[in-house]
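Per chain, numbering begins at 1; letters A, B, ... match sequence-line order.
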2 protein chains.
Amino acid sequence: MTEARESATAAPEHGRSVPRRQERGQRRIAQIVSAAAEVFAESGYEDATTNAIARRAGISPGSLYQFFSNKDEIAAALAERYVVELGAAQEEALDLETLRSAPLDEMIAMIVAPLVEFNLANRGFKALFARPDMPAALTEAVAPLHAALLERVKGLVSIRFPELTGDVVDRTATVSIQIVRAMMPLIVAADEGPERDAMVVELRRVLRAYLSGA
Amino acid sequence: MTEARESATAAPEHGRSVPRRQERGQRRIAQIVSAAAEVFAESGYEDATTNAIARRAGISPGSLYQFFSNKDEIAAALAERYVVELGAAQEEALDLETLRSAPLDEMIAMIVAPLVEFNLANRGFKALFARPDMPAALTEAVAPLHAALLERVKGLVSIRFPELTGDVVDRTATVSIQIVRAMMPLIVAADEGPERDAMVVELRRVLRAYLSGA
DNA sequence: GACAAACGCGAGTGATTGCTCGTATTCTTC
DNA sequence: GAAGAATACGAGCAATCACTCGCGTTTGTC
(Lines give C-alpha, C1' and ligand atoms only; values in the text may rest on other atoms or scores of the structure.)
Protein backbone atom coordinates (compact mmCIF):
# COMPACT_ATOMS: atom_id res chain seq x y z
CA MET A 1 0.00 0.00 0.00
CA THR A 2 1.59 3.15 -1.31
CA GLU A 3 4.90 1.56 -0.43
CA ALA A 4 7.86 3.02 -2.25
CA ARG A 5 5.88 5.95 -3.51
CA GLU A 6 6.08 7.42 -0.06
CA SER A 7 9.70 6.79 0.86
CA ALA A 8 11.36 10.08 0.07
CA THR A 9 14.90 8.84 0.27
CA ALA A 10 14.48 6.54 -2.70
CA ALA A 11 15.43 3.29 -1.03
CA PRO A 12 17.23 0.98 -3.47
CA GLU A 13 14.24 -1.26 -3.87
CA HIS A 14 14.24 -3.44 -6.93
CA GLY A 15 10.93 -1.85 -7.83
CA ARG A 16 10.34 -2.24 -11.54
CA SER A 17 7.68 0.16 -12.59
CA VAL A 18 7.81 2.57 -9.66
CA PRO A 19 9.75 5.63 -10.81
CA ARG A 20 12.51 7.14 -8.70
CA ARG A 21 10.89 10.32 -7.42
CA GLN A 22 12.53 13.69 -7.77
CA GLU A 23 12.01 16.47 -5.26
CA ARG A 24 9.36 17.97 -7.47
CA GLY A 25 7.51 14.69 -7.34
CA GLN A 26 7.70 14.51 -3.56
CA ARG A 27 6.19 17.94 -3.31
CA ARG A 28 3.43 17.00 -5.71
CA ILE A 29 2.60 13.92 -3.68
CA ALA A 30 2.29 16.02 -0.56
CA GLN A 31 0.15 18.55 -2.42
CA ILE A 32 -2.13 15.83 -3.70
CA VAL A 33 -2.59 14.26 -0.29
CA SER A 34 -3.38 17.65 1.23
CA ALA A 35 -5.84 18.40 -1.52
CA ALA A 36 -7.46 15.01 -1.00
CA ALA A 37 -7.83 15.73 2.72
CA GLU A 38 -9.69 18.93 1.90
CA VAL A 39 -11.93 17.43 -0.72
CA PHE A 40 -12.71 14.36 1.38
CA ALA A 41 -13.57 16.67 4.25
CA GLU A 42 -15.98 18.63 2.10
CA SER A 43 -17.58 15.89 0.05
CA GLY A 44 -16.87 12.60 1.74
CA TYR A 45 -14.91 9.85 0.09
CA GLU A 46 -17.42 8.70 -2.50
CA ASP A 47 -18.42 12.11 -3.78
CA ALA A 48 -14.85 13.33 -3.96
CA THR A 49 -13.85 13.06 -7.61
CA THR A 50 -10.26 12.52 -8.59
CA ASN A 51 -10.58 15.45 -10.96
CA ALA A 52 -11.62 17.66 -8.07
CA ILE A 53 -8.62 16.53 -6.06
CA ALA A 54 -6.33 17.28 -8.98
CA ARG A 55 -7.90 20.69 -9.49
CA ARG A 56 -7.54 21.48 -5.80
CA ALA A 57 -3.91 20.45 -5.95
CA GLY A 58 -3.44 22.71 -8.95
CA ILE A 59 -2.49 19.96 -11.37
CA SER A 60 -4.10 17.98 -14.17
CA PRO A 61 -5.82 14.62 -13.75
CA GLY A 62 -3.04 13.03 -15.75
CA SER A 63 -0.41 14.31 -13.37
CA LEU A 64 -2.32 12.97 -10.40
CA TYR A 65 -2.20 9.51 -11.88
CA GLN A 66 1.54 9.82 -12.30
CA PHE A 67 1.79 9.45 -8.54
CA PHE A 68 -1.20 7.39 -7.55
CA SER A 69 -2.57 4.61 -9.63
CA ASN A 70 -6.09 4.94 -8.23
CA LYS A 71 -8.31 6.75 -5.79
CA ASP A 72 -7.89 4.22 -3.00
CA GLU A 73 -4.16 4.71 -3.04
CA ILE A 74 -4.68 8.38 -2.33
CA ALA A 75 -6.88 7.48 0.61
CA ALA A 76 -4.24 5.07 1.87
CA ALA A 77 -1.55 7.74 1.66
CA LEU A 78 -3.75 10.17 3.54
CA ALA A 79 -4.53 7.54 6.16
CA GLU A 80 -0.81 6.97 6.58
CA ARG A 81 -0.24 10.67 7.09
CA TYR A 82 -2.98 10.70 9.69
CA VAL A 83 -1.38 7.84 11.57
CA VAL A 84 1.87 9.75 11.79
CA GLU A 85 0.38 13.11 12.71
CA LEU A 86 -2.07 11.79 15.24
CA GLY A 87 0.66 9.70 16.78
CA ALA A 88 2.88 12.74 17.11
CA ALA A 89 0.12 14.84 18.62
CA GLN A 90 -0.65 12.17 21.17
CA GLU A 91 2.91 11.46 22.16
CA GLU A 92 3.45 15.11 22.71
CA ALA A 93 0.48 15.28 25.03
CA LEU A 94 1.00 12.05 26.91
CA ASP A 95 2.74 11.83 30.22
CA LEU A 96 3.37 8.30 31.44
CA GLU A 97 3.36 9.22 35.11
CA THR A 98 -0.06 10.81 34.88
CA LEU A 99 -1.23 7.86 32.85
CA ARG A 100 -0.30 5.39 35.57
CA SER A 101 -1.32 7.11 38.72
CA ALA A 102 -3.47 10.18 38.17
CA PRO A 103 -7.23 10.01 38.65
CA LEU A 104 -9.06 8.45 35.74
CA ASP A 105 -10.64 11.80 34.97
CA GLU A 106 -7.31 13.41 34.42
CA MET A 107 -6.01 10.59 32.31
CA ILE A 108 -9.02 10.71 30.05
CA ALA A 109 -8.85 14.45 29.69
CA MET A 110 -5.22 14.12 28.68
CA ILE A 111 -6.08 11.67 25.96
CA VAL A 112 -9.29 13.24 24.72
CA ALA A 113 -8.02 16.81 24.35
CA PRO A 114 -5.49 16.17 21.57
CA LEU A 115 -7.94 13.82 19.87
CA VAL A 116 -10.55 16.53 19.69
CA GLU A 117 -8.04 19.07 18.50
CA PHE A 118 -6.83 16.70 15.82
CA ASN A 119 -10.32 16.05 14.58
CA LEU A 120 -11.10 19.74 14.47
CA ALA A 121 -7.93 20.51 12.57
CA ASN A 122 -8.33 17.56 10.21
CA ARG A 123 -11.94 17.43 9.15
CA GLY A 124 -11.14 14.84 6.52
CA PHE A 125 -10.16 12.37 9.20
CA LYS A 126 -13.64 11.14 9.87
CA ALA A 127 -14.32 10.61 6.17
CA LEU A 128 -11.72 7.87 6.30
CA PHE A 129 -12.16 6.69 9.82
CA ALA A 130 -15.65 7.25 11.10
CA ARG A 131 -17.77 5.22 8.71
CA PRO A 132 -19.14 1.88 9.84
CA ASP A 133 -19.75 0.79 6.27
CA MET A 134 -17.12 1.45 3.68
CA PRO A 135 -16.47 0.26 0.18
CA ALA A 136 -14.20 -2.76 0.40
CA ALA A 137 -11.30 -1.02 -1.27
CA LEU A 138 -11.42 1.86 1.17
CA THR A 139 -11.62 -0.48 4.13
CA GLU A 140 -8.43 -2.08 2.93
CA ALA A 141 -6.72 1.23 2.41
CA VAL A 142 -7.57 2.38 5.91
CA ALA A 143 -6.92 -0.92 7.67
CA PRO A 144 -3.40 0.09 8.76
CA LEU A 145 -4.81 3.22 10.36
CA HIS A 146 -7.30 1.17 12.32
CA ALA A 147 -4.68 -1.32 13.35
CA ALA A 148 -2.29 1.40 14.48
CA LEU A 149 -4.94 3.13 16.57
CA LEU A 150 -6.11 -0.11 18.14
CA GLU A 151 -2.56 -1.00 19.15
CA ARG A 152 -2.02 2.42 20.63
CA VAL A 153 -5.18 2.29 22.68
CA LYS A 154 -4.48 -1.25 23.79
CA GLY A 155 -1.15 0.02 25.08
CA LEU A 156 -2.84 2.77 27.04
CA VAL A 157 -5.43 0.43 28.48
CA SER A 158 -2.91 -2.13 29.63
CA ILE A 159 -0.69 0.52 31.20
CA ARG A 160 -3.61 1.79 33.19
CA PHE A 161 -5.17 -1.59 33.93
CA PRO A 162 -2.23 -4.01 34.04
CA GLU A 163 -4.31 -6.73 35.64
CA LEU A 164 -6.55 -7.22 32.60
CA THR A 165 -6.08 -10.21 30.34
CA GLY A 166 -5.33 -9.78 26.65
CA ASP A 167 -8.86 -10.56 25.59
CA VAL A 168 -10.36 -7.99 27.87
CA VAL A 169 -7.79 -5.36 26.94
CA ASP A 170 -8.71 -5.95 23.35
CA ARG A 171 -12.41 -5.61 23.91
CA THR A 172 -12.04 -2.60 26.14
CA ALA A 173 -9.86 -0.83 23.60
CA THR A 174 -12.23 -1.65 20.75
CA VAL A 175 -15.23 -0.35 22.63
CA SER A 176 -13.41 2.79 23.73
CA ILE A 177 -12.39 3.58 20.19
CA GLN A 178 -15.92 3.02 19.05
CA ILE A 179 -17.23 5.40 21.67
CA VAL A 180 -14.84 8.10 20.56
CA ARG A 181 -15.72 7.49 16.92
CA ALA A 182 -19.39 7.83 17.73
CA MET A 183 -19.07 11.02 19.71
CA MET A 184 -16.57 12.84 17.56
CA PRO A 185 -19.00 13.80 14.79
CA LEU A 186 -21.26 15.35 17.42
CA ILE A 187 -18.36 17.33 18.82
CA VAL A 188 -17.09 18.50 15.46
CA ALA A 189 -20.56 19.41 14.27
CA ALA A 190 -21.39 21.40 17.40
CA ASP A 191 -20.87 25.15 17.38
CA GLU A 192 -17.61 26.24 18.87
CA GLY A 193 -18.10 27.39 22.44
CA PRO A 194 -20.30 26.03 25.22
CA GLU A 195 -22.18 23.66 22.96
CA ARG A 196 -19.07 21.89 21.80
CA ASP A 197 -17.55 21.93 25.26
CA ALA A 198 -20.65 20.24 26.58
CA MET A 199 -20.29 17.43 24.08
CA VAL A 200 -16.63 16.98 24.98
CA VAL A 201 -17.68 16.70 28.58
CA GLU A 202 -20.19 14.03 27.61
CA LEU A 203 -17.50 12.08 25.79
CA ARG A 204 -15.28 12.21 28.85
CA ARG A 205 -18.17 11.17 31.05
CA VAL A 206 -18.95 8.16 28.89
CA LEU A 207 -15.36 7.04 28.80
CA ARG A 208 -14.86 7.58 32.48
CA ALA A 209 -18.03 5.74 33.37
CA TYR A 210 -17.17 2.85 31.10
CA LEU A 211 -13.54 2.55 32.13
CA SER A 212 -14.06 2.98 35.84
CA GLY A 213 -15.72 -0.40 35.77
CA ALA A 214 -12.83 -2.08 33.96
CA MET B 1 -41.92 12.25 1.71
CA THR B 2 -43.56 9.30 -0.02
CA GLU B 3 -46.82 10.66 1.26
CA ALA B 4 -49.82 9.26 -0.49
CA ARG B 5 -47.82 6.52 -2.13
CA GLU B 6 -47.80 4.73 1.17
CA SER B 7 -51.35 5.10 2.37
CA ALA B 8 -52.97 1.85 1.34
CA THR B 9 -56.50 2.94 1.97
CA ALA B 10 -56.38 5.58 -0.73
CA ALA B 11 -57.20 8.60 1.36
CA PRO B 12 -59.18 11.15 -0.64
CA GLU B 13 -56.20 13.49 -0.98
CA HIS B 14 -56.48 15.99 -3.76
CA GLY B 15 -53.20 14.64 -5.12
CA ARG B 16 -52.87 15.67 -8.73
CA SER B 17 -50.21 13.54 -10.37
CA VAL B 18 -50.08 10.76 -7.82
CA PRO B 19 -52.03 7.85 -9.28
CA ARG B 20 -54.64 6.05 -7.24
CA ARG B 21 -52.95 2.76 -6.45
CA GLN B 22 -54.59 -0.56 -7.10
CA GLU B 23 -53.92 -3.59 -4.94
CA ARG B 24 -51.37 -4.78 -7.42
CA GLY B 25 -49.52 -1.52 -6.99
CA GLN B 26 -49.55 -1.75 -3.22
CA ARG B 27 -48.02 -5.18 -3.43
CA ARG B 28 -45.38 -3.91 -5.83
CA ILE B 29 -44.48 -1.07 -3.51
CA ALA B 30 -44.01 -3.49 -0.64
CA GLN B 31 -41.93 -5.76 -2.87
CA ILE B 32 -39.73 -2.91 -3.95
CA VAL B 33 -39.13 -1.70 -0.42
CA SER B 34 -38.26 -5.23 0.69
CA ALA B 35 -35.92 -5.66 -2.24
CA ALA B 36 -34.29 -2.34 -1.42
CA ALA B 37 -33.75 -3.44 2.17
CA GLU B 38 -31.94 -6.52 0.93
CA VAL B 39 -29.81 -4.73 -1.61
CA PHE B 40 -28.95 -1.89 0.77
CA ALA B 41 -27.96 -4.48 3.35
CA GLU B 42 -25.64 -6.20 0.90
CA SER B 43 -24.14 -3.25 -0.92
CA GLY B 44 -24.77 -0.15 1.15
CA TYR B 45 -26.84 2.72 -0.13
CA GLU B 46 -24.44 4.15 -2.69
CA ASP B 47 -23.50 0.91 -4.36
CA ALA B 48 -27.06 -0.30 -4.53
CA THR B 49 -28.24 0.37 -8.07
CA THR B 50 -31.86 0.97 -8.83
CA ASN B 51 -31.66 -1.67 -11.54
CA ALA B 52 -30.45 -4.17 -8.94
CA ILE B 53 -33.36 -3.29 -6.68
CA ALA B 54 -35.79 -3.74 -9.56
CA ARG B 55 -34.22 -7.06 -10.50
CA ARG B 56 -34.43 -8.22 -6.89
CA ALA B 57 -38.06 -7.22 -6.78
CA GLY B 58 -38.67 -9.18 -9.98
CA ILE B 59 -39.73 -6.18 -12.03
CA SER B 60 -38.28 -3.90 -14.68
CA PRO B 61 -36.57 -0.59 -13.98
CA GLY B 62 -39.43 1.19 -15.67
CA SER B 63 -41.93 -0.37 -13.30
CA LEU B 64 -39.90 0.65 -10.32
CA TYR B 65 -40.09 4.26 -11.41
CA GLN B 66 -43.83 3.97 -11.70
CA PHE B 67 -43.93 3.92 -7.92
CA PHE B 68 -40.88 5.88 -6.84
CA SER B 69 -39.60 8.90 -8.66
CA ASN B 70 -36.04 8.45 -7.48
CA LYS B 71 -33.69 6.40 -5.37
CA ASP B 72 -33.98 8.58 -2.30
CA GLU B 73 -37.69 8.11 -2.22
CA ILE B 74 -37.15 4.40 -1.94
CA ALA B 75 -34.82 4.99 0.98
CA ALA B 76 -37.39 7.24 2.60
CA ALA B 77 -40.09 4.59 2.24
CA LEU B 78 -37.79 2.00 3.75
CA ALA B 79 -36.92 4.34 6.60
CA GLU B 80 -40.61 4.84 7.25
CA ARG B 81 -41.15 1.12 7.37
CA TYR B 82 -38.30 0.83 9.84
CA VAL B 83 -39.83 3.48 12.08
CA VAL B 84 -43.06 1.54 12.24
CA GLU B 85 -41.53 -1.88 12.74
CA LEU B 86 -38.98 -0.81 15.29
CA GLY B 87 -41.64 1.08 17.16
CA ALA B 88 -43.84 -1.98 17.25
CA ALA B 89 -41.01 -4.21 18.41
CA GLN B 90 -40.17 -1.81 21.21
CA GLU B 91 -43.67 -1.22 22.39
CA GLU B 92 -44.18 -4.92 22.58
CA ALA B 93 -41.11 -5.30 24.74
CA LEU B 94 -41.59 -2.29 26.97
CA ASP B 95 -43.17 -2.42 30.36
CA LEU B 96 -43.76 0.94 31.96
CA GLU B 97 -43.57 -0.35 35.50
CA THR B 98 -40.16 -1.88 34.98
CA LEU B 99 -39.10 1.27 33.21
CA ARG B 100 -39.92 3.41 36.20
CA SER B 101 -38.76 1.38 39.12
CA ALA B 102 -36.64 -1.59 38.16
CA PRO B 103 -32.86 -1.47 38.54
CA LEU B 104 -31.14 0.38 35.72
CA ASP B 105 -29.61 -2.88 34.55
CA GLU B 106 -32.95 -4.41 33.97
CA MET B 107 -34.36 -1.38 32.24
CA ILE B 108 -31.43 -1.25 29.85
CA ALA B 109 -31.62 -4.94 29.10
CA MET B 110 -35.27 -4.51 28.27
CA ILE B 111 -34.53 -1.78 25.80
CA VAL B 112 -31.39 -3.22 24.26
CA ALA B 113 -32.66 -6.71 23.57
CA PRO B 114 -35.31 -5.81 20.98
CA LEU B 115 -32.93 -3.28 19.45
CA VAL B 116 -30.33 -5.96 18.87
CA GLU B 117 -32.88 -8.36 17.52
CA PHE B 118 -34.19 -5.74 15.16
CA ASN B 119 -30.75 -4.95 13.85
CA LEU B 120 -29.98 -8.60 13.32
CA ALA B 121 -33.23 -9.17 11.49
CA ASN B 122 -32.94 -5.98 9.43
CA ARG B 123 -29.39 -5.75 8.23
CA GLY B 124 -30.26 -2.91 5.93
CA PHE B 125 -31.14 -0.72 8.88
CA LYS B 126 -27.65 0.46 9.52
CA ALA B 127 -27.12 1.36 5.87
CA LEU B 128 -29.72 4.05 6.41
CA PHE B 129 -29.13 4.87 10.01
CA ALA B 130 -25.56 4.22 11.08
CA ARG B 131 -23.57 6.50 8.81
CA PRO B 132 -22.18 9.71 10.20
CA ASP B 133 -21.68 11.16 6.72
CA MET B 134 -24.42 10.73 4.20
CA PRO B 135 -25.24 12.24 0.87
CA ALA B 136 -27.50 15.22 1.53
CA ALA B 137 -30.47 13.67 -0.19
CA LEU B 138 -30.24 10.55 1.93
CA THR B 139 -29.90 12.56 5.10
CA GLU B 140 -33.12 14.26 4.24
CA ALA B 141 -34.87 11.01 3.44
CA VAL B 142 -33.87 9.52 6.75
CA ALA B 143 -34.43 12.61 8.90
CA PRO B 144 -37.91 11.50 10.01
CA LEU B 145 -36.44 8.21 11.20
CA HIS B 146 -33.86 10.05 13.26
CA ALA B 147 -36.43 12.42 14.65
CA ALA B 148 -38.77 9.60 15.60
CA LEU B 149 -36.06 7.67 17.39
CA LEU B 150 -34.82 10.73 19.22
CA GLU B 151 -38.30 11.51 20.45
CA ARG B 152 -38.80 7.97 21.61
CA VAL B 153 -35.55 7.89 23.52
CA LYS B 154 -36.19 11.30 25.05
CA GLY B 155 -39.47 9.88 26.30
CA LEU B 156 -37.72 6.94 27.91
CA VAL B 157 -35.08 9.12 29.49
CA SER B 158 -37.53 11.53 31.01
CA ILE B 159 -39.70 8.75 32.35
CA ARG B 160 -36.72 7.27 34.09
CA PHE B 161 -35.14 10.55 35.13
CA PRO B 162 -38.06 12.94 35.60
CA GLU B 163 -35.89 15.48 37.41
CA LEU B 164 -33.78 16.30 34.35
CA THR B 165 -34.33 19.52 32.42
CA GLY B 166 -35.23 19.46 28.76
CA ASP B 167 -31.74 20.36 27.63
CA VAL B 168 -30.17 17.58 29.58
CA VAL B 169 -32.76 15.06 28.48
CA ASP B 170 -32.00 16.03 24.94
CA ARG B 171 -28.27 15.63 25.33
CA THR B 172 -28.57 12.40 27.25
CA ALA B 173 -30.84 10.91 24.61
CA THR B 174 -28.58 12.02 21.77
CA VAL B 175 -25.52 10.55 23.38
CA SER B 176 -27.31 7.32 24.23
CA ILE B 177 -28.45 6.89 20.66
CA GLN B 178 -24.97 7.59 19.44
CA ILE B 179 -23.56 4.93 21.74
CA VAL B 180 -26.00 2.36 20.45
CA ARG B 181 -25.28 3.36 16.86
CA ALA B 182 -21.59 2.93 17.47
CA MET B 183 -21.80 -0.44 19.14
CA MET B 184 -24.39 -2.03 16.91
CA PRO B 185 -22.07 -2.71 13.96
CA LEU B 186 -19.72 -4.51 16.32
CA ILE B 187 -22.57 -6.62 17.61
CA VAL B 188 -23.97 -7.44 14.21
CA ALA B 189 -20.54 -8.23 12.80
CA ALA B 190 -19.59 -10.52 15.67
CA ASP B 191 -20.11 -14.26 15.28
CA GLU B 192 -23.31 -15.51 16.78
CA GLY B 193 -22.68 -17.00 20.19
CA PRO B 194 -20.39 -15.94 23.01
CA GLU B 195 -18.60 -13.34 20.93
CA ARG B 196 -21.75 -11.47 20.08
CA ASP B 197 -23.13 -11.88 23.57
CA ALA B 198 -19.98 -10.32 24.95
CA MET B 199 -20.43 -7.27 22.76
CA VAL B 200 -24.05 -6.93 23.83
CA VAL B 201 -22.86 -7.03 27.42
CA GLU B 202 -20.40 -4.27 26.63
CA LEU B 203 -23.14 -2.14 25.14
CA ARG B 204 -25.24 -2.60 28.24
CA ARG B 205 -22.27 -1.79 30.43
CA VAL B 206 -21.55 1.43 28.57
CA LEU B 207 -25.17 2.56 28.73
CA ARG B 208 -25.51 1.61 32.37
CA ALA B 209 -22.30 3.36 33.31
CA TYR B 210 -23.26 6.47 31.40
CA LEU B 211 -26.83 6.65 32.59
CA SER B 212 -26.17 5.83 36.23
CA GLY B 213 -24.50 9.22 36.44
CA ALA B 214 -27.44 11.06 34.90
C1' DG C 1 24.79 19.23 -24.51
C1' DA C 2 22.67 15.07 -25.27
C1' DC C 3 20.06 11.46 -23.70
C1' DA C 4 16.84 9.34 -20.61
C1' DA C 5 13.79 9.54 -17.03
C1' DA C 6 10.57 12.04 -14.47
C1' DC C 7 7.05 15.38 -14.72
C1' DG C 8 3.10 17.63 -16.83
C1' DC C 9 -0.96 18.34 -19.61
C1' DG C 10 -6.07 17.89 -20.77
C1' DA C 11 -9.12 16.15 -24.15
C1' DG C 12 -11.04 11.87 -24.41
C1' DT C 13 -12.60 6.89 -23.39
C1' DG C 14 -15.07 3.20 -21.46
C1' DA C 15 -17.91 1.72 -18.05
C1' DT C 16 -21.50 2.61 -14.90
C1' DT C 17 -25.96 4.17 -13.48
C1' DG C 18 -30.07 6.85 -12.41
C1' DC C 19 -33.75 7.46 -14.97
C1' DT C 20 -36.96 7.96 -19.45
C1' DC C 21 -39.96 6.84 -23.17
C1' DG C 22 -42.68 4.45 -26.48
C1' DT C 23 -45.52 0.84 -26.34
C1' DA C 24 -48.13 -3.18 -24.68
C1' DT C 25 -51.07 -5.39 -21.15
C1' DT C 26 -54.34 -5.56 -17.24
C1' DC C 27 -57.61 -3.57 -14.24
C1' DT C 28 -61.60 -0.63 -12.97
C1' DT C 29 -65.70 1.67 -13.98
C1' DC C 30 -69.62 2.83 -16.55
C1' DG D 1 -67.51 -3.92 -23.89
C1' DA D 2 -65.38 0.36 -24.27
C1' DA D 3 -62.72 3.87 -22.42
C1' DG D 4 -59.46 5.47 -19.35
C1' DA D 5 -56.28 4.68 -15.74
C1' DA D 6 -52.85 1.89 -13.72
C1' DT D 7 -49.35 -1.37 -14.35
C1' DA D 8 -45.52 -3.39 -16.99
C1' DC D 9 -41.70 -3.72 -20.00
C1' DG D 10 -36.69 -3.05 -21.38
C1' DA D 11 -33.82 -0.82 -24.67
C1' DG D 12 -31.50 3.16 -24.35
C1' DC D 13 -30.37 8.17 -23.10
C1' DA D 14 -27.64 11.51 -20.64
C1' DA D 15 -24.56 12.44 -17.27
C1' DT D 16 -20.84 11.24 -14.31
C1' DC D 17 -16.34 9.73 -13.23
C1' DA D 18 -12.18 6.96 -12.67
C1' DC D 19 -8.69 6.62 -15.47
C1' DT D 20 -5.69 6.78 -20.19
C1' DC D 21 -2.86 8.33 -23.90
C1' DG D 22 -0.19 10.97 -26.90
C1' DC D 23 2.75 14.39 -26.67
C1' DG D 24 5.33 18.38 -24.80
C1' DT D 25 8.54 20.21 -20.89
C1' DT D 26 11.82 19.93 -17.09
C1' DT D 27 15.41 17.68 -14.48
C1' DG D 28 19.24 14.73 -13.56
C1' DT D 29 23.38 12.31 -15.37
C1' DC D 30 27.34 11.21 -18.23
Side-chain angles (χ1 to χ4, degrees), chain A residues 4-10 12-13 15-32 35-36 39-40 43-77 135-138 141, chain B residues 4-5 7-8 10 12-13 15-32 35-36 39-40 43-77 135-138 141:
Chain A
R5 289 172 197 286
E6 291 301 280
S7 58
T9 43
E13 294 187 15
R16 287 160 299 270
S17 53
V18 177
R20 286 172 38 257
R21 294 291 171 210
Q22 325 184 274
E23 262 190 56
R24 202 178 13 154
Q26 303 289 349
R27 278 199 306 273
R28 279 277 181 260
I29 289 176
Q31 274 175 35
I32 293 168
V39 179
F40 288 163
S43 318
Y45 178 76
E46 337 251 0
D47 288 351
T49 72
T50 54
N51 283 16
I53 294 173
R55 204 179 317 121
R56 184 69 63 103
I59 63 177
S60 76
S63 294
L64 188 154
Y65 281 91
Q66 202 117 47
F67 301 102
F68 296 97
S69 55
N70 57 54
K71 196 178 169 182
D72 304 317
E73 232 173 62
I74 304 175
L138 183 56
Chain B
R5 291 171 195 287
S7 59
E13 295 188 14
R16 286 162 298 271
S17 54
V18 177
R20 286 174 41 258
R21 296 288 172 211
Q22 323 185 276
E23 262 189 57
R24 201 177 16 153
Q26 304 288 350
R27 278 198 307 271
R28 280 278 182 258
I29 288 176
Q31 273 174 36
I32 292 168
V39 179
F40 288 163
S43 317
Y45 178 76
E46 337 251 2
D47 288 352
T49 72
T50 53
N51 282 15
I53 294 173
R55 205 178 317 122
R56 185 68 65 102
I59 64 176
S60 75
S63 294
L64 187 154
Y65 281 92
Q66 202 115 49
F67 301 102
F68 297 96
S69 55
N70 57 53
K71 195 177 168 182
D72 305 316
E73 229 173 65
I74 304 174
L138 182 56

* Using a 4.5 Å cut-off on heavy atoms from C-beta on, say whether the side chain of B:Glu46 contacts that of B:Pro135. => yes
* Which whole-number value in Å describes the distance from A:Gln66 CD to D:dC23 P? -> 16 Å
* Validation row: B:Ile53, B:Phe40 side chains within 4.5 angstrom (heavy atoms) -> yes
* To do: Using the closest heavy atom to pick a nucleotide of DNA chain C for each, name whichever of A:Ser60 or B:Tyr65 lands nearer the 5' end.
  => A:Ser60
* Determine yes or no for a side-chain-to-main-chain donor-acceptor pair under 3.5 angstrom, with B:Lys71 supplying the side chain and B:Leu138 the backbone. => no
* Ignoring backbone atoms, test whether B:Ser63 places a side-chain nitrogen or oxygen under 4.0 Å from the OP1 or OP2 oxygen of D:dC9. => yes
* **Protein-nucleotide distance (A:Phe67, atom CZ; D:dT20, atom P), rounded to Å** => 15 Å
* Asked: Touch check for B:Asn51, heavy atoms < 4.0 angstrom, all strands: base, sugar-phosphate only, or nothing?
  -> base
* Asked: Does the side chain of B:Arg21 get closer than 4.0 angstrom to OP1 or OP2 of D:dA5 through an N or O atom?
  -> no
* Check every atom of D:dA6, D:dC19, C:dG18 against the side chain of B:Pro19 and return the nucleotide holding the closest atom. => D:dA6
* To do: Scan A:Ala48 against the nucleic acid and name what it touches under 4.0 Å (heavy atoms): base, sugar-phosphate only, or nothing.
  => sugar-phosphate
* Specify the separation, in whole Å, of atom CZ of A:Arg20 and atom P of C:dA4. => 15 Å
* To do: Check whether any side-chain heavy atom of B:Leu64 sits under 4.5 Å from a side-chain heavy atom of B:Ile74, and report yes or no.
  => yes
* To do: Ignoring the backbone of A:Gln22, work out which of C:dG18, D:dA6, D:dG28 is nearest its side chain.
  => D:dG28
* In terms of the nearest nucleotide of DNA chain D, which residue is placed more toward the 5' end: A:Pro61 or B:Arg28? -> B:Arg28
* To do: Give the rounded distance in Å between these two atoms: CD1 of B:Ile32 and P of C:dC19.
  => 13 Å
* Nearest-Å distance, CZ (A:Arg55) to C1' (D:dA18)? -> 14 Å
* Remember a base hit wins even if backbone is also touched, and classify B:Leu64 as base, sugar-phosphate or nothing at under 4.0 Å, heavy atoms. => nothing
* For B:Arg24 and D:dA5, what is the distance between atoms CZ and C1' respectively, to the nearest whole Å? -> 10 Å
* Asked: Reckon B:Gly25 touches a base, only the sugar-phosphate, or nothing at all at heavy-atom distances under 4.0 Å?
  -> sugar-phosphate
* Structure fact -> When rounded to whole Å, the CG to C1' distance for the pair B:Asp47 and D:dC17 reads 14 Å
* Taking atom C1' of C:dG8 as reference, at what distance in whole Å does atom CZ of A:Phe68 sit? -> 16 Å
* Asked: Mind checking whether A:Asp72 and A:Tyr45 have side chains closer than 4.5 Å, heavy atoms only?
  -> yes
